[in-house]
2 protein chains.
Amino acid sequence: MSVSEIRRRRGPRRALTEDEILDAALDLLDEGGADAASIRGIAARVGVAPNAVYTYFPDKAAVVRGLVERLLGGVDHDVFADRARPWHERVEALALELRAHLSAHPGAVPLMIGGPMDGPHALTLNERLLQLLADAGLGPADAARASYLLIVYVFGSIALEVADTSRPGPLPPEAERVAARKAAFSATPADDFPRSAEAAATMAGYVSTEQYLWGLHRILGGIAAREATPEELGPVDLRDRTGLREAHSA
Amino acid sequence: MSVSEIRRRRGPRRALTEDEILDAALDLLDEGGADAASIRGIAARVGVAPNAVYTYFPDKAAVVRGLVERLLGGVDHDVFADRARPWHERVEALALELRAHLSAHPGAVPLMIGGPMDGPHALTLNERLLQLLADAGLGPADAARASYLLIVYVFGSIALEVADTSRPGPLPPEAERVAARKAAFSATPADDFPRSAEAAATMAGYVSTEQYLWGLHRILGGIAAREATPEELGPVDLRDRTGLREAHSA
DNA sequence: ACATTATCTGGACGGCGTACAGGAGCGTTC
DNA sequence: GAACGCTCCTGTACGCCGTCCAGATAATGT
């Protein structure tokens, strides 16, 4: 301490740091959901006027980007760094670590999928995953597609889970969520949706982490099978209407 | 036409219908993104005062729910209804139909994953998918988990894709999106992220629909393998920190 | 000491979702 | 047919949001 920081700026000393602002934003996010993390709320929490925040971030989107970056930076890389373990165990460890880490701040999940994740921490995470898949013996193309698949599953799964319990505040414990889900689904008319009702009754015995891992294991199995027999993509009728709309122009 | 509708309400005739409001909301969504679909904007487009909308919907969330329901209701069920075809082809047809349908309104994707999809059309879709998986020979529990896995993949994949090109308006054609992606990724410093850069270079040759199908095929393969050898879930270290937080209370 | 520049403030603008009160249209009931 | 009562739409307003502008203040470079 007491190390006098060299100050390059000319004006008065800053009252805060970017990190303090992100801390306040994260607290508000955890307490009151995404709506509570407003510029004015953040400013009030750190004790400055609302527009003082614009000294540190150019606009709210930058604050959100910083928040996402901070959260992704907190992911523990050690739990899947051991290259001696089988690759699917390492992927599973990564998936569980990410899930645990992101579920601790459910309000941030919509912010993540709301914009591109291209910050340095996001890229680092992607890089680690690609390295992991390369260790597993996948070629560059398959590794890239497999990482995309895994990322979609991990983030999509958490996003859907958060969406189902979208009240602000921390996620309730898993048992409670399962119970609420059971109640909600069993309220669906079994006459109109017999299989949904049956599925609800069956699924109620499974905690959602187990369900999460089931899907992850199917994906890992599919990737492993692809690795074993790398046949080409079958003849598929690509009917991407999105691309067709502006065809024949230009 | 000219069928005089019986009017049960006592007051003056309604100037609009719920559908007109949803039409206007969808138009605004397509033109200007999620932000443009405001209550005031919708009201202006249909030519009423902003609060007149509250005659038809109790609040904005209800409008959004109606919008999501309308979009899900527009999914063509015929493309995967043929029970004579192999089940994985039917799932693929469903996935492609959903992708094409939702990509036509990218602004709506954040609205879908922003809240639970529990409307009648959403349940119908889930019901069809469960039926499809039951036709494939999966038991109720596996069918439920497999449908969850597929739904996560389809919606998560579209959501991430939309997030990467989050400017309002319709999605650009696929070739353009791939080019933009290539440019963005190749701008990542190859020194810090060598594998990401390599992946970007490799992936640039693949259109995103192909990538989408690659992941889908891995999932289908994983499900099929599970169907063939239904071994139990392996011994997995469940470390759900979410559930642990409130343990030992109550 | 002076000029320069970064920082924070009060105030304001336009937009949002939405609540409240009032007036006008229309079916119901005497 | 006239009065009633319900329904719809409007004007207005409140509190919130993100963000900009002008001004005061504090620190640095010269």
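Numbers restart at 1 for each chain; the letters A, B, ... are given by sequence-line order, proteins then strands.
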Taken in chain and number order and not counting sequence neighbours, the residues that satisfy side-chain hydrogen bond (donor to acceptor under 3.5 Å, both in side chains) with B:Asp118 are none
Round to a whole Å and report the spacing from CZ of A:Phe57 to C1' of D:dT19. 16 Å
Rounded to whole Å, how long is the line connecting atom CD1 of B:Ile39 with atom P of C:dA19? 11 Å
When rounded to the nearest 0.5 angstrom, what distance separates NE2 in B:His105 from CZ in B:Arg70? 9.5 Å
In whole Å, I'd like the distance from the OH atom of A:Tyr54 to the P atom of C:dT7. 17 Å
cation_pi(A:Arg128, A:Phe80) dist<6.0 Å, angle<=45: no
Which pairs pass salt bridge (Lys or Arg N to Asp or Glu O under 4.0 Å) with one or both residues in residues 53-69 of chain B, sequence neighbours excluded? none
Listed pairs, N/O of protein and of nucleotides 2-4 of chain D, under 3.5 Å:
none

Whole-Å gap separating P (D:dT19) and CD1 (A:Ile42): 11 Å
We want to know whether B:Thr209 and B:Arg99 form a side-chain donor-acceptor pair, criterion being a heavy-atom distance below 3.5 angstrom. yes
Can you measure from CG (A:Leu67) to CD1 (A:Ile42) and round to the nearest 0.5 angstrom? 7.5 Å
Going from CG on B:Leu71 to CG on B:Leu102, what distance comes out if it is rounded to the nearest 0.5 angstrom? 7.0 Å
Which residues in residues 18-27 of chain B have at least one heavy atom lying under 4.0 Å from any atom of DNA chain C? none
In 5'-to-3' order, the base (B), backbone-only (S) or no-contact (-) status of each nucleotide in nucleotides 8-13 of chain D, using a 4.0 angstrom heavy-atom cut-off, is SSBBBB
Mark yes or no for whether B:Glu31, through its side chain, and B:Leu28, through its backbone, hold a donor-acceptor pair below 3.5 Å. no
With sequence neighbours excluded, what pairs up with B:Arg195 under the salt bridge (charged side-chain N to carboxylate O under 4.0 Å, His left out) test? none
Is the shortest side-chain heavy-atom distance between A:Ile39 and A:Tyr54 below 4.5 Å? yes
